[in-house]
Each structure stands twice: as C-alpha cells, then as structure tokens.
Peer 1: 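There's a structure below that I have some questions on.
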Amino acid sequence: MDFKLENKTALVTGASGGIGSAIAVVLASAEAKVYVHYNKNSQKADEVVSEIESNGGMAVAISGDITDSKSRDSIISQIIDESENLHILVNNAGVNQEGLFIRQKDADMDFVFGTNLFGLMNLTRLAVKHMMKNRYGRIINISSPAATAGSPAQTLYSASKAALHGLSKSLALELGSRNITSNVVIPGIINTKMLDDITDERREFFISRIPMGRFGEPEEVAYAVRFLASDEARYISGCELTVTGGGAVF
Ligand SMILES: NC(=O)c1ccc[n+]([C@@H]2O[C@H](COP(=O)([O-])OP(=O)(O)OC[C@H]3O[C@@H](n4cnc5c(N)ncnc54)[C@H](OP(=O)(O)O)[C@@H]3O)[C@@H](O)[C@H]2O)c1
C-alpha cells in the first residue's frame, strides 16, 4: 500500500488558496500530474507549480472562473487536449459571504451558490463525461462542518455546502458501475489566511471546542484527499471523511 497516483491526471480547483495549494502539492508528491487551478491569483498558482516542479513533480497552472461556462469548458478541454484523461477532480474552490440571513441579497445568493454549487456541478458534469468514457474517476468535494451543523451568519455558505453532500452521494450511486467514486472531505478549522483576522478570544473559543486542542493544517486535509484519490480507496464511495481534530467543531 503506497497511495501512489502515478499516471493519473488531477485537477484541483482553487489551488491558489490555502487548502487547495496543499492538496495540489500532496497529490503531485504522490506522482499525479496536477492541474493547479486558479481564478485570479496567478502568482500563487505559479508558486505552487514551481514548488511541485522543484520537488520533481508535474504541474500545470490553469485559470478560469468556475461560474462562467466558457471558462469551465476551456479548463476541461485544455486538460483533455494536453493530457488525454482526467482521473481525479478535487472540487475545492469555494467562497463565503458572511452576514445575517435577513440581510443577504439576491446577488449574495448568486455569488455563493453560483460558485460553491452551480459552478462546481457544471464543472463536474464536464469532467464526468470523460471519466465515464475512461471507466475511471475520483471526485472529491471539499465541504465544511457548517454543511451539517449549520453556522450563524454563514447561512448561504452552509446551505451551499450541504447541497454538495446530496450531490456527492447521488453521484456515488449513479457512477459506481463506471468505476467512479464520489466522496466528501470535511475540513474543520484549518490554519489558512482566513484565520488571520480573528480575535484571540475567538481563537481560544474555537480551540476549546477541538478535542486535539489545535487548528488543522492544510496538509492534513490534503492527506485525506490523497487517500480518497488513491487506488487503495477504490471501494469507498458516497462517504464523508471529517478532518476536524476529533470534533464537530461548531
Ligand atoms: N479554511 C478553512 O478553515 C476551511 C474549513 C472548512 C472548509 N473549507 C473549504 O475548503 C475550501 C478551500 O478553502 P480555503 O480556506 O483554502 O479558501 P481560500 O484560500 O479562500 O481559496 C479559495 C480558492 O477558490 C478560488 N475561487 C474562488 N472563487 C472562484 C471562482 N469563481 N472560480 C474559480 N475559483 C474560484 C480562489 O481562486 P483565486 O484566489 O485564484 O481567485 C482560491 O483558489 C473551500 O471550499 C472552503 O469552503 C475551508
């Protein structure tokens, strides 16, 4: 058992972000060729590609707004043109829009659902067409504890993430016969720049709710993704893997 991903092509959306960049680096260290997707932050994507290449891995930066249909088409067609197959899709790109529910506007709903759900579903549909032809695929959706526990002032975010669970389980049922697995990874509170602005008091409160007494590291989420992407996880589909340090977090 080595959880290697040699001869596999992976797309990690939002790989210019805190968790996505770690997932890209970890999948590449398992020998996958990784498409390091970004929307606006090309500099960070280039840094991730350089890091992977300096470790002897294979990576390509690829851009696109997943809320835009032309961008989604071009992401998938570039990968298929260059690499022939797409074996692993990690749907990691995501946005949040904090605020009390009654203050949320139509545009806020469009923003959060357009990215976290509709963009993700449309991109996944394009990827699945190729996976079905290949009779091989790994779909890994990055959710949040807010999906099942709820989170005040994060109603749109938690509702959009909750929908991912239904999507993921339904895909597991529909695609199992094609040797395609579909799973969810649920990171707890992870040390990313999202935490830069929280007060010491809030930090202490969160840590007091985590049995392991600390926030998670992006690599710790990435190792769960690597496992679910591996051949060793071939019989695991429709599952939810929590990476929360032992607790429900909220
Ligand atoms: N951080 C945590 O503690 C935590 C906990 C639970 C779950 N999560 C989930 O884990 C995932 C990654 O979180 P993170 O903290 O690493 O986020 P992050 O650093 O804010 O990164 C978000 C990523 O999504 C991309 N993105 C945003 N809108 C996009 C769009 N319209 N089209 C394409 N890409 C888009 C961004 O691209 P650019 O920057 O290039 O524009 C960026 O790469 C998210 O799904 C989040 O909900 C995070």
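Please read these numbers as outputs of a predicted model, since none were measured by experiment. Computation of the quantities below employed the complete heavy-atom set of this structure, encompassing side-chain atoms and omitting hydrogens, waters and symmetry-equivalent molecules. Whatever order the structure lists ligands and atoms in, that order sets their numbers, starting from 1.
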Peer 1: Show me which atoms of ligand 1 lie under 4.0 Å from any heavy atom of His37.
Peer 2: 33 (C), 34 (N)
Peer 1: Show the atoms of ligand 1 that are less than 4.0 angstrom away from any heavy atom in Tyr38.
Peer 2: 40 (O)
Peer 1: What do you reckon, does Ile19 have a nitrogen or oxygen under 3.5 Å from a nitrogen or oxygen of ligand 1?
Peer 2: yes
Peer 1: Can you list the other members of the hydrophobic cluster that holds Ile186, where links are side-chain heavy atoms under 4.5 angstrom apart?
Peer 2: Val184
Peer 1: Is ligand 1 less than 4.0 angstrom away from at least one heavy atom of Thr13?
Peer 2: no
Peer 1: One thing to verify: whether Asp73 and Lys70 come together as a salt bridge, which I'm taking to mean a side-chain N less than 4.0 angstrom from a carboxylate O.
Peer 2: no
Peer 1: What protein heavy atom lies closest to atom 26 (N) of ligand 1? Include the residue and the distance to one decimal.
Peer 2: Ala93 CB, 4.0 Å
Peer 1: Thr192 heavy atoms, cut-off 4.0 Å: which ligand 1 atoms fall inside?
Peer 2: 1 (N), 15 (O)
Peer 1: What I want to know is whether Met194 and ligand 1 share at least one N or O pair that is separated by under 3.5 angstrom.
Peer 2: no
Peer 1: Does an N or O from Gly17, backbone or side chain, lie closer than 3.5 Å to an N or O of ligand 1?
Peer 2: yes
Peer 1: Indicate yes or no: does an N/O atom of Gly14 lie under 3.5 Å from an N/O atom of ligand 1?
Peer 2: yes
Peer 1: Quick one: look up the protein heavy atom nearest atom 32 (N) of ligand 1 and list residue, atom name and how far away it is.
Peer 2: Ile66 N, 2.9 Å
Peer 1: Within the structure, is a non-hydrogen atom of Gly64 found at a distance of less than 4.0 Å from ligand 1?
Peer 2: yes
Peer 1: Does Lys105 qualify as a cation-pi partner of Phe111, given the criterion of NZ or CZ under 6.0 Å from the six-membered ring centre and within 45 degrees of its axis?
Peer 2: no
Peer 1: Parallel, tilted or perpendicular for Phe113 and Phe118, by the 30°/60° rule?
Peer 2: tilted
Peer 1: May I ask you to check if ligand 1 and Lys161 share an N or O to N or O distance below 3.5 Å?
Peer 2: yes
Peer 1: Give the atom numbers and elements of ligand 1 that come within less than 4.0 Å of a heavy atom of Val95.
Peer 2: 27 (C), 28 (N)
Peer 1: Kindly give the heavy-atom pair with the smallest separation between Glu82 and Lys33, and that separation in Å.
Peer 2: O-NZ, 4.3 Å
Peer 1: Count the heavy atoms belonging to other residues, nucleotides or ligands that lie under 6.0 Å from CD of Glu84, then report whether that count exceeds 12.
Peer 2: no
Peer 1: State the atoms of ligand 1, each with its element, that fall below the 4.0 Å cut-off from a heavy-atom position in Asn41.
Peer 2: 38 (P), 39 (O), 40 (O), 41 (O)
Peer 1: Test your reading of the model: is there a side-chain donor-acceptor pair from His130 to the backbone of Asn85, 3.5 Å cut-off?
Peer 2: no
Peer 1: With backbone taken as N, CA, C and O and side chain as the heavy atoms from C-beta onward, which portion of Ser143 lies under 4.0 Å from ligand 1: side chain, backbone, both, or neither?
Peer 2: backbone
Peer 1: Considering Gly18, Ala22, Pro145 one by one, which has a heavy atom nearer to atom 19 (O) of ligand 1 than any of the others?
Peer 2: Gly18
Peer 1: Among Asn141, Thr181, Val185, Thr124, which residue meets the side chain to side chain contact (heavy atoms under 4.5 Å, CB included) test with Ser168?
Peer 2: Asn141
Peer 1: Is Lys44 touching ligand 1 with its side chain, its backbone, both, or neither, if touching means heavy atoms under 4.0 Å apart?
Peer 2: neither
Peer 1: Can you tell me which residue and heavy atom of the protein come closest to atom 29 (C) of ligand 1, and the distance to 0.1 Å?
Peer 2: Asn39 ND2, 3.8 Å
Peer 1: List the closest protein heavy-atom neighbour of atom 6 (C) of ligand 1: residue, atom name, distance to the nearest 0.1 Å.
Peer 2: Pro187 O, 3.3 Å
Peer 1: So does Lys169 pair up with Glu174, basic N to acidic O under 4.0 Å?
Peer 2: no
Peer 1: State if Gly188 counts as touching ligand 1 under the rule of any non-hydrogen atom under 4.0 Å.
Peer 2: yes
Peer 1: Specify the closest pair of heavy atoms between Asn92 and Gly14, including all atoms of both residues, with the distance to one decimal.
Peer 2: ND2-O, 3.1 Å
Peer 1: Return the residue, atom name and 0.1 Å-rounded distance of the protein heavy atom closest to atom 44 (C) of ligand 1.
Peer 2: Asn92 O, 3.2 Å
Peer 1: Could you identify which residues cluster with Tyr223, counting Ile, Leu, Val, Met, Phe, Trp and Tyr as linked when any side-chain heavy atoms lie under 4.5 Å apart, either directly or through a chain of such contacts?
Peer 2: Val26
Peer 1: Tell me whether ligand 1 is touched by Tyr157 - counting only heavy atoms on the residue side and a distance under 4.0 Å.
Peer 2: yes
Peer 1: Minimum distance, heavy atoms only, to atom 31 (N) of ligand 1: which one of Val12, Asp65, Ile189 is it?
Peer 2: Asp65
Peer 1: Give a yes or no on this: more than 12 heavy atoms of other residues, nucleotides or ligands lie within 6.0 Å of atom CZ of Phe101.
Peer 2: no
Peer 1: For ligand 1, is Ser21 a contact, meaning one of its heavy atoms is under 4.0 Å away?
Peer 2: no
Peer 1: Would you say the side chain of Val128 lies within less than 4.5 Å of the side chain of Leu175, judging by non-hydrogen atoms?
Peer 2: yes
Peer 1: May I ask you to identify the nearest protein heavy atom to atom 3 (O) of ligand 1, giving residue, atom name and distance to one decimal place in Å?
Peer 2: Ile190 N, 2.9 Å
Peer 1: Has ligand 1 got any nitrogen or oxygen that is less than 3.5 angstrom from a nitrogen or oxygen of Ser16?
Peer 2: yes
Peer 1: Quick one: which ligand 1 atoms are inside 4.0 Å of a heavy atom on Gly94?
Peer 2: 22 (C), 24 (O), 45 (O)
Peer 1: Where is the nearest protein heavy atom to atom 10 (O) of ligand 1: which residue, which atom, and how far?
Peer 2: Ile142 CG2, 3.4 Å
Peer 1: Would you indicate whether the side-chain heavy atoms of Ile66 and Thr115 approach each other to under 4.5 Å?
Peer 2: yes
Peer 1: Return the CD1 to CD1 distance between Ile189 and Ile198, rounded to the nearest 0.5 Å.
Peer 2: 7.0 Å
Peer 1: For Asn7, does the CG atom have more than 12 heavy-atom neighbours from other residues, nucleotides or ligands under 6.0 Å away?
Peer 2: no
Peer 1: Counting heavy atoms not belonging to Lys44, are there more than 12 under 6.0 Å from its NZ?
Peer 2: no
Peer 1: Considering only the protein, which heavy-atom contact is closest to atom 41 (O) of ligand 1, and what is its distance?
Peer 2: Lys40 N, 2.9 Å
